[in-house]
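The structure under discussion appears below in the form of structure tokens.
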Amino acid sequence: MSVLDAPVGGAAPAAPTTRLTPVFVRLKLTLLRNGLRQSAGRRAAFIASLVVTLLLAAGQVLGLVLLRGHEHAGALVVLLTGVVALGWAVLPLFFPSGDDTLDPTRLVMLPLRPRPLVRALLVSSLVGIGPLFTLCLVLGSVLALAHGAAGVVFAVLAVPLTLLLCVALSRAVATANVRLLNSRKGRDLAVLSGLVIAVGIQFVNFGAQRLGRAGGLSALEPAADVVRWLPGASAVAAVDAASQGAYGAAVAQTLITGAALGALLWLWRRSLVKLMTSPDGSTLAAAEPERKESGRSGLSALLPEGRTATVAMRSLRYVARDPKTKAAWVTALAIGLIVPVLNALQGAGSVYFACFAAGMLGMQMYNQFGQDTSAFWMVALTISSTRDAYVELRARALALLLITLPYTLLVCVVTAAVLGAWRSLPGVLGLSLALLGAMLATGAVASALFPYSIPQDGAFKNVVPGQGGLAWISILGGMAASAVLTAPVIALVVWLHVSDRQDALWLVVPIGVAYGTALGWAGLRVAAPRTANRLPEILAAVSKG
């Protein structure tokens with residue numbers, strides 16, 4: 001007997017496996033029913049989700065059936081199926097707690113063999129709202145494409161193959177990453193799920209606009225020609241190929257899905273064996289080599305020695321390790337690039353949309369002390385004078401600039417390259433730097449005057465109840481003040497364009513650097529005494545979460 005055929009939970013003989021699958025299905029239904037019995041709110045949420053899913057599924061099926069006979073129906077259906085399969089692959093990484101009943105680590109102590117366990121988990125995974133929606137979508141897809149006896153035959157094969165592939169893909173990905181998803185990094189992924197959804201919506205909107213300008217579904221054909229040979233959509237594409245008489249292509253595409261399903265089940269089985277037999281950090285003491293104390297190294301060695309280096313490195317570690325801070329930064333970085341570049345790709349944007357990146361990143365200077373939460377008292381103990389407060393704020397601004405300066409330059413260059421507006425690049429770069437300096441200034445002042453707490457619970461809660469007004473005043477007031485402070489540079493850029501003196505736009509770069517630096521220095525000078533004098537109020541405000 002091979003290792004993979006050995007019991008994964010212990011040395012006890014395996015129980016009869018002929019009834020394992022129905023046992024798991026009943027277990028899934030029982031856990032679902034008991035969960036709904038806990039409260040009326042959960043029952044209402046489940047029923048509402050079920051009704052909405054059924055309505056969406058019915059609308060999808062109806063819309064796909066109406067496409068039957070359309071010249072480019074195959075392209076749309078193939079891409080839609082591919083997107084659904086991709087969703088099954090990535091959603092477990094961002095919603096790891098979506099199906100606790102199928103967590104394989106809960107079965108470690110049971111004498112179960114891998115092969116029947118995979119089969120039982122696969123069948124029980126078909127119970128749920130997600131599989132029901134996918135089934136309706138695949139049924140609608142094959143109804144839109146199946147013509148003739150050959151098309152019907154391949155449609156009968158495509159429906160179960162595609163559904164099983166999606167479910168197996170989801171479970172294989174979740175099992176391979178279950179330890180990651182149960183760790184701090186996994187919680188970071190859950191926090192970032194909202195960003196992925198927001199970015200995805202931007203790309204869907206961009207694709208819809210391109211499709212509308214292209215004048216119909218024919219614009220989807222190039223992408224569909226590639227996706228139809230990928231496992232997630234190849235079985236559905238085989239229905240289209242068989243209906244058109246391309247039987248060789250239909251057989252090949254069906255075999256691709258079947259082979260991918262077999263490979264996923266094999267990988268899933270191996271992941272189960274590894275997960276349920278190998279120890280992890282909770283069972284083995286970590287044997288880490290002793291680390292020798294050394295002086296400053298890496299980025300810390302490049303920063304001014306003393307409080308500046310300490311505070312700047314602490315701020316950068318917040319960005320790398322704190323889920324809420326990381327989510328805010330990644331959101332700003334992504335949206336700051338997506339908005340100008342997508343508008344440029346659509347041909348309707350301006351190179352000055354690149355200033356959006358500086359604005360998004362400059363907002364990270366607001367509420368500097370809120371990200372410390374209740375730990376701010378340790379920082380407050382080290383601030384005994386205006387000078388201490390000034391160095392603290394300056395170091396935080398320096399940490400922000402280490403990221404924002406190269407990123408702002410990158411976004412400006414990329415946007416100018418997409419639009420071919422190289423003559424305007426100095427103008428947008430100088431204006432972005434001036435705006436960044438203004439937001440550093442207003443952010444430092446707002447952090448001292450309008451601090452608020454960031455709750456640690458809940459991925460999408462950024463302000464504790466009762467402090468929403470402070471957050472709005474801080475952000476909106478600071479943005480309005482930044483726009484006013486940047487007005488002189490904006491007026492200069494507008495004047496150079498209106499007077500057709502674009503060759504002189506290079507002057508905006510040194511002006512923007514000098515003006516932004518002066519604004520940032522002035523803002524820190526204004527904020528420092530207010531921070532030193534309001535330490536008790538700031539500590540009380542940021543500790544409420």
Side-chain angles (χ1 to χ4, degrees), residues 25 28-29 32 36 44-70 72-92 95 98-99 101-102 121-147 151-171 173-174 197 200-201 204 207-208 217 220 224 227-228 230-243 253-254 257-258 260-261 264:
V25 173
K28 179 71 176 291
L29 294 173
L32 178 62
L36 295 177
F46 178 80
I47 294 173
S49 301
L50 182 61
V51 171
V52 171
T53 300
L54 291 176
L55 290 176
L56 290 175
Q60 288 274 18
V61 172
L62 179 60
L64 291 171
V65 171
L66 291 176
L67 284 174
R68 183 177 176 83
H70 193 283
H72 303 290
L76 176 62
V77 167
V78 166
L79 290 177
L80 184 61
T81 308
V83 169
V84 171
L86 179 63
W88 276 95
V90 301
L91 285 180
F95 298 95
D99 194 359
T101 62
L102 298 179
L121 288 173
L122 180 64
V123 174
S124 60
S125 297
L126 296 174
V127 179
I129 296 178
L132 175 62
F133 179 80
T134 304
L135 176 62
C136 294
L137 178 65
V138 177
L139 281 174
S141 300
V142 299
L143 288 175
L145 300 179
H147 298 279
V152 172
V153 170
F154 280 93
V156 172
L157 295 174
V159 173
L161 279 177
T162 303
L163 180 60
L164 290 175
L165 179 74
C166 290
V167 175
L169 181 60
S170 173
R171 303 318 308 175
V173 170
I197 295 173
I201 291 174
V204 170
L217 299 178
L220 300 177
V227 176
R228 68 176 67 250
L230 299 179
S234 58
V236 173
V239 179
D240 189 29
S243 299
Q253 289 166 340
T254 303
T257 301
L261 177 59
L264 282 173

Exercise for the section: Might you point out which heavy atoms bring A260 and P231 nearest each other, and give the distance in Å? Expected result: CB-CB, 3.4 Å
Exercise for the section: Using atom types as modelled and distance alone, determine if a side-chain donor or acceptor of T81 lies under 3.5 Å from a backbone N or O of A233. Expected result: no
Which pairs would a plain distance check flag for residues 54-63, meaning a side-chain donor or acceptor within less than 3.5 Å of a matching protein atom at least two apart in sequence or in another chain?
none

Practice task
Measure the spacing between CG of L264 and OG of S170 and express it to the nearest 0.5 Å.
Solution key: 10.5 Å
Practice task
Flag the pair V159 / L139 as yes when at least one side-chain heavy-atom distance between them is below 4.5 Å, and no otherwise.
Solution key: yes
Handout entry: Any V84 side-chain heavy atom under 4.5 Å of L137 side chain
Key = yes
Practice task
Please report the shortest heavy-atom distance between A89 and L169, naming the atom on each side.
Solution key: CB-CD2, 3.5 Å
Completion exercise
Minimal heavy-atom distance between V236 and A158, with the atoms involved, is N-CB, 4.2 Å
Problem - Heavy-atom closest pair, residues A146 and V152 - result: CB-N, 4.3 Å
May I have the list of side-chain donor-acceptor pairs in residues 126-134 shorter than 3.5 Å, sequence neighbours left out?
unit_1	atom_1	unit_2	atom_2	d
T134	OG1	W88	NE1	2.8
T134	OG1	G130	O	3.0

Exercise for the section: Check Q253 against S234 and note the closest heavy-atom contact, atom names and distance. Expected result: O-OG, 3.1 Å
Practice task
For the residue pair L161 and L261, establish whether any side-chain heavy-atom pair is separated by less than 4.5 Å.
Solution key: yes
Practice task
Mind checking the CG-SG spacing from L86 to C166? Nearest 0.5 Å is all I need.
Solution key: 10.0 Å
Fill in the blank from the handout: Which of L157, L145, V77 passes side-chain contact (heavy atoms from CB on, under 4.5 Å) with V239? It is L145
Completion exercise
In short, V78 meets A237 closest at the heavy-atom pair CG2-CB, 3.8 Å
